Number of protein chains: 2
Amino acid sequence: MSPRSTVAEARRTRARIIDRSVALASVDGLEGLTIGRLAGDLGLSKAGVLGHFGTKEALQLATLERASALFTALVWDPASAVEPGLRRLRAVCQNWIDYLDHAREVFPGGCLFTTASVEFDAHDGPVRRNVARLLMVWRRRLAGEVRLAVEAGELPADTDPEQVVHELTGIYLALNQALQLLRDPLAATRTRRALDRLLPVLAR
Amino acid sequence: MSPRSTVAEARRTRARIIDRSVALASVDGLEGLTIGRLAGDLGLSKAGVLGHFGTKEALQLATLERASALFTALVWDPASAVEPGLRRLRAVCQNWIDYLDHAREVFPGGCLFTTASVEFDAHDGPVRRNVARLLMVWRRRLAGEVRLAVEAGELPADTDPEQVVHELTGIYLALNQALQLLRDPLAATRTRRALDRLLPVLAR
DNA sequence: CCTACCGATCGGTAGG
DNA sequence: CCTACCGATCGGTAGG
């Protein structure tokens, strides 16, 4: 039988709160998130929710951390088994499309990082810094994949990895907008076409 | 003092409110906007502000309308004198860069439409519909410019105007993020490089 | 365009 | 993790 553990139960409650918070923040943003709404959704008191974090800002940071773990699990991890080079880069790109297109259960309002980056880009503070840091981490990692593809001779030697990463960013921001705001049924197709134009042009 | 203002004075006050509202919404979003903050900034009472619009939603719509007029004046109007075709398309694209890069006075927190599109993409209602409508209007107009360039033989005959417009959207979303969140000094350069890759490739 | 006010909700605290 | 509560602020209204 499972012995009653207050600590373990508290951890599970905390995880429940954060999962719900990720979903709510995906829809309403990290600022639009409220303790009261979260408490209501989970059948907890506001103090019961806030007690796990102390402040709303700490909750926002925990939410961001959880979303980042989900992103890594959906986009990076499945690609780590693929051989380095253009194939792995394209695997990451495809996972990224799927993350935006099919991860509706976890992120019902679309990419949380896109929402947060727009919400906080004009407000200094720990949340803004963490959003920017996460985006930079992924940009660097993506640039590394591009570099490996260049070194493997699968992309032209004069490729500028950071330029490619910048353009990839735009492709995914456009996809998120086409999916969430415009509800464009061609969104994924257009994205794949844009990727084909950006990436494998010289790989044939 | 002047409870009985003339109609002209009331109009000027309304314009002052909206201009301030555009600036605030650029930083805090159309939801982050509050009547109280607006009233405080302008030395008015909350009722004095709200009286011009009736509801916060009406204020949001008026703010969106004003921002759209500013966008048209900065991006479309200056290009209307340029001859149709690739030259005019590129003029619009350059004005768009300038709008995002230098219109800090009017939009201190970056592109209001980008902020609003992310804020409202998961919330139905008149604001969401208007944001989507404006983006669609500009997409159609941009596609028209692309089409003119194709007809002038300056872009390949098999160009898909809507695909080009979709990719242009991504380029500008990436620029806004690089400017506002990442404060990347290379943002404008990277944008121009992306445009060169997208547009004039077959125009030589 | 003002004062005065409304109920609701915000983030957060005290104490158990 | 709860109840009970805090001051502040929210959008909005009544009446002048």
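Small disclaimer: the values here were computed from a predicted structure and weren't measured. Lettering of chains follows the sequences in order, A, B, ..., and the numbering in each one begins at 1.
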Legend entry - N/O donor-acceptor pair under 3.5 Å between Arg139(A) side chain and His166(A) backbone: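 Checked: no pair found.
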Which part of the nucleic acid, if any, lies within contact of [X], taking any heavy atom under 4.0 Å across all strands shown: a base, the sugar-phosphate backbone alone, or nothing?
X        : value
Gly32(A) : nothing
Gly43(A) : sugar-phosphate
Ile35(B) : sugar-phosphate

Inset, instruction - Look at the side chain of Thr13(B) and decide which nucleotide, out of dG12(D), dA14(D), dC1(C), has an atom nearest to it. - result: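 Nearest listed nucleotide: dC1(C).
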Below 4.0 angstrom, N of the basic side chain to O of the carboxylate: do [X] and [Y] qualify?
X         : Y         : result
Asp101(B) : Arg192(B) : no
Glu167(B) : Arg190(A) : no
Arg129(B) : Asp124(B) : no

How long is the line joining [atom1] of [X] and [atom2] of [N], in whole Å?
X        : N       : atom1 : atom2 : value
His52(A) : dC1(D)  : NE2   : P     : 4 Å
Glu9(B)  : dC1(C)  : CD    : P     : 8 Å
Leu38(B) : dC1(C)  : CG    : C1'   : 14 Å
Leu33(A) : dT9(C)  : CG    : P     : 16 Å
Arg16(A) : dC1(D)  : CZ    : C1'   : 12 Å
Arg12(A) : dC1(D)  : CZ    : P     : 10 Å
Lys46(B) : dC10(D) : NZ    : C1'   : 6 Å
Arg11(A) : dC1(D)  : CZ    : P     : 13 Å

Legend entry - Donor-acceptor pair under 3.5 Å, Lys56(A) side chain vs dG12(C) base: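 No such pair is found, so the answer is no.
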Legend entry - Minimum side-chain heavy-atom gap Thr34(A)-Leu24(A) below 4.5 Å: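 The answer is no; the side chains never approach within 4.5 Å.
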Legend entry - Any Thr34(B) side-chain N or O less than 4.0 Å from OP1/OP2 of dC10(D):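 Indeed, a polar side-chain atom of Thr34(B) lies that close.
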Legend entry - Partner nucleotide, any strand, of dG11(C) [Watson-Crick/G-U, under 3.5 Å]: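 dC6(D) - that is the nucleotide pairing with dG11(C), both distances being under 3.5 Å.
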